[in-house]
Amino acid sequence: MNLSDRLEAELNEQGCALLPGLLDAGDCTAIAALYAREEGFRSRVLMQRHGFGRGEYRYFAYPLPDPVAGLRERFYPVLAPIANRWHQAMGLEPRFPATHGEFLQRCHAAGQTRPTPLLLQYDAGDYNCLHQDLYGEHVFPLQIAVLLSEPGRDFEGGEFVLTEQRPHMQSRAEVVPLRQGDAVVFAVNHRPVTGSRGVYRVAMRHGVSRLRSGRRHTLGVIFHDAA
Ligand SMILES: O=C(O)CCC(=O)C(=O)O
Ligand SMILES: [Fe+2]
């Protein structure tokens, strides 16, 4: 099974898929260290100010640093066929072009020109409320988060959580066990699930449980740009 087929099978069954060891420890440390630098970012968000949780994040500015730009370019073509089948299954119109460059042109033409890849930083007591990363009309339906810190050594608590809200049913939560360098691919806003009466849309949200101690960094890779 190739990577795209494996991810599609996991995404269709669980709503998320793992990419173990996507980055090595050296890359993780180097990317996390960017957080403290002055340059390279377009904005900083203190989550508590907006009711998003507690902790902070910074959006990268263009040009994105190599590993971040590389992940967007490399994974878009793997995920676009899955995104197209999801849209077909959910009866949604937009189809996604073959390359990330073409998709970005579409975002930029619609005024979504600001880069969305971000670095997040959590300290003890911080958490990220369940949310969806929607930034305008154009939405690529899958995104990736990479854990840059090592659980147990750098921090405790702070688990990546996904919830699925099925129509007329109770919500289901999934905790995704990640080690440093592991990534999770997940649905941005909804995904198709086949039930006895056909396909229905399940709304997905993601967040992070409270950090018990230490410091945790994550790299978020979102494929659409922001208005
Ligand atoms: O810190 C995390 O694991 C979640 C980050 C997040 O919300 C994102 O990448 O969109
Ligand atoms: Fe997010």
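Since this is a predicted model, take the numbers as computed values, not measurements. Every number for a ligand or one of its atoms is a count from 1 in the order of the listing. We number each residue from 1, following the sequence as shown.
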Indicate yes or no: does [X] engage [Y] in a salt bridge with an N to O separation below 4.0 Å.
X: R114; Y: D225; value: no
X: R205; Y: E164; value: no
X: R106; Y: E102; value: no

Hey, what's the angle at the Fe ion (ligand 2) spanning NE2 (H206) and NE2 (H131), nearest 10 degrees? 90°
Quick one: does Y127's side chain have a donor or acceptor within less than 3.5 Å of a partner on Y122's backbone? no
Measure from NZ or CZ of R58 to the centre of the six-membered ring of Y35, then state whether that distance is under 6.0 Å and the direction lies within 45° of the axis.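 Positive - R58 is close enough to the ring of Y35 and near enough to its axis.
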Measuring from each atom of ligand 1, which residues have a heavy atom under 4.0 Å away? L120, Y122, N128, H131, D133, Q143, A145, F160, H206, V208, R216, T218, G220
Which atom of D133 approaches the Fe ion (ligand 2) most closely (N/O/S): OD2
Please work out whether the ring planes of H224 and Y135 are parallel, tilted or perpendicular, with thresholds of 30° and 60°. tilted
I need the single residue from F75, F223, W86 that forms a ring pair (Phe, Tyr, Trp, His ring centres under 6.0 Å) with F140. Which is it?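 Of the listed options, the one satisfying the test is F223.
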